[in-house]
Amino acid sequence: MLNRAQIENDNSGIATVSSSSTTRDARRLSTIYRDPQDVRTVIHLARSGIVLTLLLLISIVGNFYQYYRRPDRIVVDKSTGRVVEINDRDYGETESVQLGPEHLTDADKKYIASEFVRSLYQIDPATRSKDIERALRMMLPDSALKFARYLKQDNILDKQLQESWQGAWTAQDITIDSKDHYTVRVLGRQDIHRLDNGVTLDEPRQLSLSLKLIADPKGRADRNLRSGFLISSFDYKEIQ
């Protein structure tokens with residue numbers, strides 16, 4: 001016969017064994033296995049992301065290179081069709097084209113002076129405002145501001161518009177001052193056609209202009225028509 005204490009001890013051992021067995025079963029049931037196909041998919045996506053990132057970096061580097069690299073230069077003499085230069089490789093010179101170091105010349109001074117004067121004195125009502133703006137861009141900013149104020153205060157442009165001014169300009173002589181190589185003298189004729197109280201008038205004028213130039217700090221630029229010079233000041237007189 002078993003006494004009560006022995007029976008309780010036996011029941012306690014059975015409970016302990018049962019509890020340990022239940023814990024092991026729960027651990028087996030809680031183990032999660034990843035689908036191999038899912039793992040392979042994740043790996044492929046990671047590899048694709050790395051490849052796309054590398055391609056993006058290569059594209060960015062290539063874009064920077066294309067942006068900052070020196071552009072190709074090809075010089076062709078249109079009069080003969082001969083190629084003078086390709087990417088700094090010299091193929092010789094022709095009768096009308098010669099390559100050399102960049103420097104400003106008297107021809108550049110004469111060009112900017114003639115274009116400036118033509119913008120002022122060749123008057124086309126349809127393009128008058130654009131011609132004046134073009135002339136102002138060729139001047140030093142301070143000089144352009146003073147000249148624009150003068151045109152506005154004296155109502156010169158309004159008067160020309162009201163009287164339907166038309167003017168033809170003919171440059172007769174353009175020279176560099178022998179004493180000041182930054183002064184260009186222009187001699188020309190302006191033929192004005194206008195209305196005065198309904199009466200048509202033709203007024204020819206012979207003008208002598210003196211233009212003071214300075215070298216543009218920006219070098220050859222669009223504002224100076226790639227000449228490298230700006231108009232600092234100018235004056236004119238009418239020759240009777």
Side-chain angles (χ1 to χ4, degrees), residues 19-116 118-119 127 129-145 148 182 213-232:
S19 176
S20 299
S21 176
T22 302
T23 303
R24 286 194 297 271
D25 292 341
R27 289 177 179 175
R28 292 194 190 98
L29 293 175
S30 64
T31 302
I32 299 176
Y33 294 95
R34 192 69 176 269
D35 185 1
Q37 186 66 29
D38 187 23
V39 174
R40 285 193 291 269
T41 301
V42 172
I43 294 175
H44 288 324
L45 289 175
R47 289 176 179 174
S48 300
I50 294 173
V51 172
L52 291 175
T53 302
L54 292 176
L55 291 176
L56 178 61
L57 292 176
I58 294 173
S59 175
I60 293 174
V61 172
N63 288 335
F64 272 103
Y65 171 75
Q66 291 292 335
Y67 181 79
Y68 287 105
R69 79 181 183 91
R70 186 176 180 181
D72 297 336
R73 180 172 65 178
I74 301 175
V75 180
V76 179
D77 183 0
K78 290 186 177 181
S79 62
T80 61
R82 290 173 53 188
V83 177
V84 181
E85 180 180 341
I86 299 179
N87 292 341
D88 295 332
R89 183 176 179 182
D90 192 358
Y91 287 85
E93 61 184 49
T94 67
E95 294 77 8
S96 57
V97 177
Q98 181 179 3
L99 298 178
E102 176 65 43
H103 62 278
L104 304 179
T105 65
D106 288 347
D108 295 317
K109 300 174 186 177
K110 293 180 179 180
Y111 173 68
I112 187 70
S114 64
E115 289 298 311
F116 176 77
R118 186 170 67 85
S119 297
T127 61
S129 59
K130 293 183 178 180
D131 293 336
I132 293 297
E133 291 177 3
R134 182 171 182 260
L136 292 175
R137 284 196 300 268
M138 299 181 205
M139 304 179 69
L140 279 175
D142 290 343
S143 301
L145 181 59
Y182 280 83
L213 309 183
I214 66 164
D216 191 340
K218 294 185 177 181
R220 296 186 185 273
D222 291 338
R223 68 176 185 177
N224 58 52
L225 307 184
R226 317 302 301 179
S227 67
F229 295 98
L230 291 174
I231 309 298
S232 174

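Side chains included, hydrogens not; waters and symmetry mates left out as well; all remaining heavy atoms used.
- Atom CD1 in Ile214 sits 10.0 Å away from atom OH in Tyr182 (nearest 0.5 Å).
- Distance OG/Ser227 to NZ/Lys109: 11.0 Å, rounded to 0.5 Å.
- Across all non-hydrogen atoms, the minimal contact from Thr53 to Gly49 is OG1-O, 2.8 Å.
- In terms of the side-chain contact (heavy atoms from CB on, under 4.5 Å) criterion, residue partners of Ile43 (sequence neighbours excluded) are, by chain and number, Val39, Arg47.
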CA sep, side-chain torsions, deciding dist, call: Arg223, Asp216, side-chain contact (heavy atoms from CB on, under 4.5 Å):
CA-CA 9 Å; Arg223 68 176 185 177; Asp216 191 340; 2.7 Å; yes
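- Salt-bridge formation is not detected for the pair Asp106/Lys110: no Lys NZ or Arg NE/NH1/NH2 atom is positioned less than 4.0 Å from an Asp or Glu carboxylate oxygen.
- In terms of heavy-atom proximity, Asp108 sits nearest to Phe229 at CB-CE1, 3.9 Å.
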Name each donor-acceptor pair under 3.5 Å that joins a side chain in residues 132-143 to protein atoms two or more places apart or in another chain, with its distance.
{"residue": "Arg134", "atom": "NH1", "partner": "Glu115", "partner atom": "OE1", "Å": "3.4"}
{"residue": "Arg134", "atom": "NH1", "partner": "Ser119", "partner atom": "OG", "Å": "2.8"}
{"residue": "Arg134", "atom": "NH2", "partner": "Glu115", "partner atom": "OE1", "Å": "2.8"}
{"residue": "Ser143", "atom": "OG", "partner": "Ser232", "partner atom": "O", "Å": "2.5"}

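- Of the possible donor and acceptor atoms, one in the side chain of Ser48 sits under 3.5 Å from a partner among the backbone N and O of His44.
- Closest approach of Ile112 and Asn224 over heavy atoms only: CD1-O, 3.4 Å.
- The line from CG of Leu57 to CG of Leu52 is 11.0 Å long, rounded to the nearest 0.5 Å.
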The test is side-chain contact (heavy atoms from CB on, under 4.5 Å); show your working for Leu213 and Leu230 and say whether it passes.
CA-CA 6 Å; Leu213 309 183; Leu230 291 174; over 6 Å; no
